[in-house]
Amino acid sequence: MSENIKRIYKPKAISGFPEWLPEERLVEQKWFDHIRRVFESYGFCSIETPSVEEIDVLLAKGEVDKEIYALERLHKDEHDKGESRLALHFDQTVPLARYVAQHFNELTFPFKRYQMQRVWRGERPQMGRMREFYQCDIDVIHVDNLPISFDAEVAAIMYEVLEGLNIGRAQLRINNRKILTGLLETMNIRDITPVTRAVDKLEKIGDFLVIAELRQAGLNEAQSQKVLNLAQQKGTAADIKRISCENATMTQGAEELVYVLDHLAHLPAHGVIADLSIVRGLDYYTGTVYETKLLDVPEFTGSVCSGGRYDDLAGSYINKHLPGVGISLGFSRLFDVIRQTRPELMGIGPKGPAEILMVIPDENKRALASETARTLRRRGFKVEMYHAAQKIKKQLEYASKKLIPFVWFPPFEDGKPHEVKNMSTGEQITSTPETWKA
RNA sequence: GCGACCGUAGCUCAGCUGGUAGAGCACUCGGUUGUGGUCCGAGUUGUCGCGGGUUCAAGCCCCGUCGGUCGCCCCA
C-alpha cells in the first residue's frame, strides 16, 4: 500500500464482440427461450459442438476466403511447432457435418437438430455485423434422400420463430438454385460463383451494374440479359409456374420451388415470396435457398435468417451421401438491429428477474424477512432480499431503479400484518406470504 | 484487405481566429420520525486516445500511431 499511484486499466468495448446490459440480456434470454420452444415443438433435438474445430475440418469445404480465428497458446512449448491446429468455427453447418459423420452410427435419420451457439468471423464490424455472434440453426440431414417437404418445414419453423419475437413483419424470400444453374448449363457456363454473386446483388446495385458484373464474369450480352431477366422474376407459385424452362434442371428447380411455396401457403401473404435473385454466395447450396428481410426495418437491408439445401453435406468427412436442408437465424444480428432501430419493440424493462423486493425493516427483523422470502420463493415467486437495514427510502429507491414490480414489507412491529406495495400503481395492501397473489 | 469520417468526465456532447477544460444525464449526500419514481440544494468525476513536432503557449495546427464508426468486399 506504499504506492499511491493506482493504475486503472481503462475499460473499453471490443468492437464486434457485443455484450449487453442486464435489462437487455433479460430480453435476449426471453428470445432464446422462445426460439428453443418453437424448435422443440417440431421435434428438433439440441446438440452443442465445441467452439473449435480442426482447421482442416473447417476448410474441407474449400471456404478459404472466410476469415477464421485460429487458436494459439500463449506459452507454446517447442513441440507445438508452427501452425496452430485449431480454429473457432465460423458457422454451425460445418461442425454439424463433422458431427454427423462422426456419430453416424449412433444417430437416427432423418436427423433433425437445432443448435444455438456463438460463431466467430474475423470481418470488419458494422451495424448488424459482428465478429462474435449467436446463430440459431435448424437442419435436417438424411441418408441418400431427403423429402422436399422438409424444405418447407424449416422455413415454416423460422417464420414461426420470427413471428413470435414481436419485431414487425418478416419476409422469407425463397428460390431454388437449380433454376439458375439449369439456365447456365444451357449456356455451358462452368464457373457459376461469379454469376451467383452478381445475381445476388440485384436488389442492392440494380440491373445495370448486375449486367456489368455478368459481362465481367464472361457472359455475352444476350446471356447476361437472359440471366438478368430470370433473376428479376419474383412473386407467387403461380408466377414461378409461368417461367419457361429450357432443360430438366430448370424444370426440376421450378417444380421444387412451387412445391415449397405451396406448402407454405398457410403463412400470411407478405410472409413468403419467391425471388429468383436470391441465390446466395455460398457454393454448397444446391437447391432451395432462403433469405429473410425485416419488412418493417427498411434501414437494415441484410438478411437475418438464411440457409438452403445441400445435396451432400458431409461428403468430405464420410463416404455416405447425406443431403440436408437448414436455416440459420442470425440471432445477434437480429437482436442488435432491433435494439438499435426499434428499441420500443424489445420491451426493455427490469434490470433483473426479481418480482418482489423484500424490505428489511431493521436488523431485528432480518430473520423474519428471510423467512418471508423463503415462503414466497417456495410458492414460485422470484424474491430478492435487500441486505442492509437502511432507510426505507433507500430500499424503495433500489426497487424502483431496478423496476422490481412489488416491494414486500414484513411487519415492523410484532403482531402487525405484512404489507405489499405495487410499485407501478403505488397501491399498498396488507397480505400474508402464504396467500398473496400478484 | 481497401476507402471516407471521427477520438474531450461512466454516457451524450459543447469548447470561437491556439491562451493549461464545461453542460446535461448518471453517481454520492441532504430536504428529521416507516415509503420510490417529480422537485430543490450540495458534492465527486478528466494523463482532452497515444507518441512526436510547430509555438512564449496546443483539446484546437502538422506528422505518425492506435482505436472507433460508416461504405466496399463478404455474410447471419
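Every chain is numbered from 1 and lettered A, B, ... according to where its sequence line falls, protein lines coming before strand lines.
The interatomic distance linking A/I392 (CD1) with B/rG34 (P) rounds to 8 Å, in whole Å. Rounded to a whole Å, the CG atom of A/D362 is 14 Å from the P atom of B/rU35. For the pair A/L396 CG and B/rG34 C1', the computed distance is 10 Å after rounding to whole Å. Between the CZ atom of A/R197 and the P atom of B/rC73 there is a distance of 11 Å, given to the nearest Å. Rounded to an integer number of Å, the gap from A/K204 NZ to B/rC75 P is 11 Å. A/I167 has its CD1 atom 17 Å from the P atom of B/rA76, to the nearest Å. Distance A/E23 CD to B/rA26 C1': 13 Å, rounded to the nearest Å. Separating the CG atom of A/D200 from the C1' atom of B/rA76 is a distance of 13 Å, rounded to the nearest angstrom.
Counting non-hydrogen atoms under 4.0 angstrom, A/M130 reaches a base of the nucleic acid. Counting non-hydrogen atoms under 4.0 angstrom, A/G426 reaches a base of the nucleic acid. Base contact: A/Q428 has a heavy atom under 4.0 Å from a base atom. Using a 4.0 Å heavy-atom distance criterion, A/G128 is classed as a base contact. Using a 4.0 Å heavy-atom cutoff across all strands shown, A/T425 reaches no nucleic acid atom at all.
Centre separation under 5.5 Å together with a plane angle under 30° does not hold for the ring of A/Y398 and the six-membered base ring of B/rG36, so they are not marked as stacked. Here A/F331 does not count as stacked on B/rA76, because the ring centres are not under 5.5 angstrom apart with planes under 30°.
No side-chain donor-acceptor contact under 3.5 Å links A/Y398 and A/Q390. Side-chain N/O atoms of A/T49 and A/Q115 include a donor and acceptor closer than 3.5 Å. Side chains of A/Q232 and A/D207: a donor-acceptor N/O pair is present below 3.5 angstrom, by distance only. For the residue pair A/N229 and A/Q225, a side-chain donor N or O sits within less than 3.5 Å of a side-chain acceptor on the partner. Side chains of A/R173 and A/Q171: a donor-acceptor N/O pair is present below 3.5 angstrom, by distance only.
Taking atom C1' in both B/rA26 and B/rC13, the straight-line distance is 14 Å, to the nearest Å. Rounded to a whole angstrom, the distance from the C1' atom of B/rG22 to that of B/rU44 is 16 Å. Of the P atoms belonging to B/rA58 and B/rC16, the separation is 16 Å, rounded to the nearest Å. Spacing of P atoms, B/rG7 relative to B/rC50, comes out at 14 Å, to the nearest Å. Comparing the C1' positions of B/rU45 and B/rU38 gives an interatomic distance of 26 Å, to the nearest angstrom. When the P atom is compared between B/rG10 and B/rC66, the two are found 25 Å apart, to the nearest whole Å. The same atom, C1', is picked in B/rG1 and in B/rU54; the two are 35 Å apart, to the nearest Å. Comparing B/rG53 with B/rG18, their C1' atoms sit 15 Å apart, to the nearest whole Å.
Residue A/S332 holds its OG atom at 10.0 Å from CH2 of A/W31, rounded to the nearest 0.5 Å.
Two residues, A/I14 and A/K201, neighbour RNA chain B, and the one matched to the more 5' nucleotide by heavy-atom proximity is A/I14. With the nearest nucleotide of RNA chain B identified for both A/E427 and A/G330, A/E427 has the one nearer the 5' end.
Secondary-structure stems of RNA chain B, taken as three or more successive Watson-Crick or G-U wobble pairs (i with j, i+1 with j-1) under a 3.5 Å distance threshold, comprise B:1-7 with B:66-72, B:10-13 with B:22-25, B:27-31 with B:39-43, B:49-53 with B:61-65.
Not a single donor-acceptor contact under 3.5 angstrom links the side-chain atoms of A/Q126 to the base of B/rU69. Donor-acceptor pairing under 3.5 Å, judged by distance alone, is absent between the side chain of A/R124 and the base of B/rC74. Within 3.5 Å, no donor on the side chain of A/R129 pairs with an acceptor on the base of B/rA76, nor the reverse.
Between A/F331 and A/F335, the angle of the ring planes stays under 30°, which puts this pair in the parallel group of the 30/60° scheme. Using cut-offs of 30° and 60° for the angle between ring planes, the A/W436 and A/F381 rings count as tilted.
Of the side-chain N and O atoms in A/S15, one or more sit less than 4.0 angstrom from OP1 or OP2 of B/rU69.
A/R342 and A/E299 are joined by a salt bridge, as a carboxylate oxygen and a charged side-chain nitrogen come within less than 4.0 angstrom of each other. Ion pairing between A/R85 and A/E54 holds under the 4.0 Å rule for side-chain N and carboxylate O.
Around CD of A/E19, the count of heavy atoms belonging to other residues, nucleotides or ligands within 6.0 Å does not exceed 12.
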A/E28 and A/Y134: side chain to side chain donor-acceptor pair (under 3.5 Å), yes or no, with the steps? CA-CA 11 Å; A/E28 189 182 44; A/Y134 279 100; over 6 Å; no

Using atom names, set out every protein N or O paired with an N or O of nucleotides 28-32 of chain B below 3.5 Å, distance rounded to 0.1 Å.
| unit_1 | atom_1 | unit_2 | atom_2 | d |
| --- | --- | --- | --- | --- |
| B/rC29 | OP1 | A/K394 | NZ | 3.4 |
| B/rC29 | OP2 | A/K394 | NZ | 3.0 |

